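Below, read A as the first sequence line, B as the second, and so on, with proteins coming before strands; counting in each chain starts at 1. Not measured: the values here are computed from a predicted model.
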2 protein chains.
Amino acid sequence: MDIGTAPQPWLSDAPWAALEAKFSRYLALSDAERDCLASWQAPARVMPRRRDLVREGNDVACVYLLCRGIVSRYRVLPDGRRQILGFGLPGDVIGFPSCSLARAAASVCCITESEVAAIPLEQFASTLTRFPRIAAALFWIAARETALAQERLVTLGRRGAEERVAYFFLELCALLHKGRPRDGERIAFPLTQEIIADTLGLSTPHANRTLRRLRDQRLLALDGQEAILLDARGLIALASFDPAHFAAMPIPGL
Amino acid sequence: MDIGTAPQPWLSDAPWAALEAKFSRYLALSDAERDCLASWQAPARVMPRRRDLVREGNDVACVYLLCRGIVSRYRVLPDGRRQILGFGLPGDVIGFPSCSLARAAASVCCITESEVAAIPLEQFASTLTRFPRIAAALFWIAARETALAQERLVTLGRRGAEERVAYFFLELCALLHKGRPRDGERIAFPLTQEIIADTLGLSTPHANRTLRRLRDQRLLALDGQEAILLDARGLIALASFDPAHFAAMPIPGL
DNA sequence: GCAACGCATTGATCTGAAGCAATGTTCCCG
DNA sequence: CGGGAACATTGCTTCAGATCAATGCGTTGC
């Protein structure tokens with residue numbers, strides 16, 4: 001049952017590999033395309049933990065390639081209520097302007113120390129029109145992102161606290177390890193319970209109690225920076241989690 | 001205060017106009033691009049109210065251009081709990097395969113009688129690689145879709161029932177009328193209270209009570225198929241709604 | 001070694017929303 | 001015109017989860 005140490009992708013010291021790997025999963029890159037992507041990662045900047053990379057409402061002049069670290073996208077309501085919208089991993093492009101394409105719709109905060117390369121918005125945009133296959137790939141990646149967000153809508157709208165927490169770890173596992181969650185799988189992710197709570201729309205005390213309940217049911221073990229899926233089957237049933245949603249994706253037509 | 005009859009876009013009898021308008025809002029189309037989009041709308045099929053256009057879990061062979069009508073994307077949990085993920089209006093392309101790019105992650109149901117043109121997935125995909133500007137536009141549209149879904153995450157995760165309902169109508173107004181909601185604005189949309197409840201993660205009785213409370217506070221008037229924003233300012237404050245999120249979007253670099 | 005901070009944990013109380021059940025209202029259809 | 005179906009409305013009870021408040025505890029910094 002021992003499947004070894006969990007991968008800690010945010011510690012990657014080969015940031016360029018993350019981006020290339022991300023695209024290579026979807027399409028074979030030509031030399032020109034490769035060069036273009038390579039030009040994105042020019043001058044990487046180091047951001048400390050807890051520092052905001054983007055503030056909601058600000059003008060967007062560039063997007064960011066996350067080279068190392070983990071970030072969270074979040075929104076806060078005027079009275080302080082916070083909702084985390086998702087996480088960014090190395091290789092992800094962060095900080096798109098959103099509905100209104102000039103301003104950031106959400107803030108981005110570094111959960112761990114991170115390294116980011118700023119890509120001027122025009123450069124990013126021109127890549128899209130010069131390299132149609134990259135644009136297509138990014139389109140499908142964006143569609144996937146939408147599907148993920150929508151699946152989380154189900155979680156927040158219709159699942160109870162235990163289901164939410166179970167779903168949370170299963171999704172994390174599927175995204176990090178890129179496969180169907182198995183018994184004993186280890187998830188290393190530098191999360192505080194507050195982050196879990198704000199992701200799942202729960203209060204911190206309630207998230208804590210719920211975690212305890214899952215531990216008492218021997219579904220999940222928590223060990224410092226690591227969570228272990230003791231009973232993947234049980235969690236999947238509890239959360240109505242569909243592993244097929246996270247299967248690998250060949251991009252149509254590429 | 002009378003701003004006339006609300007537009008009822010789903011009744012459009014010029015479906016092609018919807019798609020062209022959608023793209024023209026973002027970029028000036030070349031002739032070749034125009035021809036390509038035109039080829040999408042070949043044989044339109046009529047779907048009755050309540051009929052499912054796509055079933056979650058099914059293989060995806062084509063995407064659909066919605067020419068007339070309104071549809072909803074939704075997911076159901078095994079025990080029947082339902083969550084509506086969003087709505088589709090004429091001009092929208094519906095039914096992408098999602099995370100796993102082979103299968104539908106959600107179902108799509110016709111809220112009104114609708115007319116759809118099926119676009120084979122390969123044709124859609126090849127359009128992306130042949131017309132980079134269209135791919136880029138679709139990328140930004142997808143990014144916008146993600147932002148919308150994420151804003152709804154805030155609603156479901158952190159807003160109370162009254163805030164949710166207020167937000168719902170404001171968003172609807174902004175999307176349909178494409179502008180900042182004003183006092184007296186009329187929203188015509190063929191909604192049942194069950195649809196509202198399933199969109200907002202509420203039970204039908206509770207949605208009903210909440211609607212009544214908003215009516216009692218003279219924030220909203222409900223008249224059959226029409227809702228009227230009596231006090232837009234009040235609703236905006238109640239929902240912590242940011243109209244700037246819905247401002248018009250020029251696409252960078254096109 | 002002590003103080004302070006960030007985070008986890010736990011308890012007691014309160015409340016918003018769900019669940020259940022019944023009744024009312026339209027509108028459609030035979 | 002009568003019977004249903006679909007939808008809206010309302011009351012009552014229950015419960016999940018929020019809120020408030022305190023305590024524990026490991027790490028960091030002085």
Output the rounded distance in Å from CG (B:D223) to P (D:dA8).
14 Å

Report yes if some heavy atom in the side chain of A:T210 is under 4.5 Å from a heavy atom in the side chain of A:L200; otherwise report no.
no

Side chain of A:R212, heavy atoms from C-beta onward: which of C:dT9, C:dC7, D:dA6 has the nearest atom to it?
C:dT9

Quick one, B:D198 and A:R158 - any side-chain contact, counting heavy atoms below 4.5 Å?
yes

Side chains of A:S72 and A:I84: does their closest heavy-atom pair fall under 4.5 Å?
yes

Out of C:dA18, D:dT9, D:dA18, minimum distance to the side chain of B:H206 belongs to C:dA18

Compare the minimum distances between each of D:dA18, C:dA8, D:dT9 and the side chain of B:Q193, then state the nucleotide with the smallest one.
D:dT9

Could you tell me how far apart B:E194 (CD) and D:dT9 (P) are, to the nearest whole angstrom?
14 Å

Phosphate-side-chain proximity, A:R50 and C:dC7, N/O vs OP1/OP2 below 4.0 Å
yes

Could you check B:T192 against A:A161 and say which one's nearest nucleotide on DNA chain D is further toward the 5' end?
B:T192

Please state whether the phosphate of C:dT9, meaning OP1 or OP2, lies under 4.0 angstrom from any side-chain nitrogen or oxygen of A:N208.
yes

Starting at CG of B:L202 and ending at C1' of C:dA18, how long is that distance when rounded to a whole Å?
10 Å

To the nearest Å, give me how far apart CG (A:L200) and C1' (D:dG17) are.
13 Å

In whole angstrom, give the distance that lies between atom CZ of B:R82 and atom C1' of C:dA18.
18 Å

Rounded to whole angstroms, how far apart are CG on A:L214 and P on C:dT9?
13 Å

My understanding is that only residues two or more places apart in sequence, or in another chain, count here; which of them pass ring pair (Phe, Tyr, Trp, His ring centres under 6.0 Å) with B:F87?
B:F189

Indicate yes or no: at least one non-hydrogen side-chain atom of A:V63 is less than 4.5 angstrom from one of A:I94.
no

By the 4.0 Å heavy-atom rule, please label A:R209 as base, sugar-phosphate, or nothing.
base

Could you work out which one of C:dC7, D:dT9, C:dA18 sits closest to the side chain of A:R49?
C:dC7

Atom pair distance, as rounded to whole Å: CG in B:L222 and C1' in C:dT26:
16 Å

Please report the end-to-end axis angle for the helix from C:dG1-D:dC30 to C:dG30-D:dC1, five pairs per end, rounded to 10 degrees.
40°

Expressed in angstrom and rounded to an integer, what is the separation of B:E162 atom CD from C:dG16 atom P?
10 Å

When you measure from the side chain of A:P205, which nucleotide among D:dC7, D:dT19, C:dC7 comes out closest?
D:dT19

Should the pair B:R180 and B:F246 be classed as cation-pi, given the thresholds of under 6.0 Å to the six-membered ring centre and 45° from the axis?
no

Kindly determine whether B:E56 and B:V76 satisfy side-chain contact (heavy atoms from CB on, under 4.5 Å), including the steps that lead there.
CA-CA 9 Å; B:E56 111 186 45; B:V76 267; 3.9 Å; yes

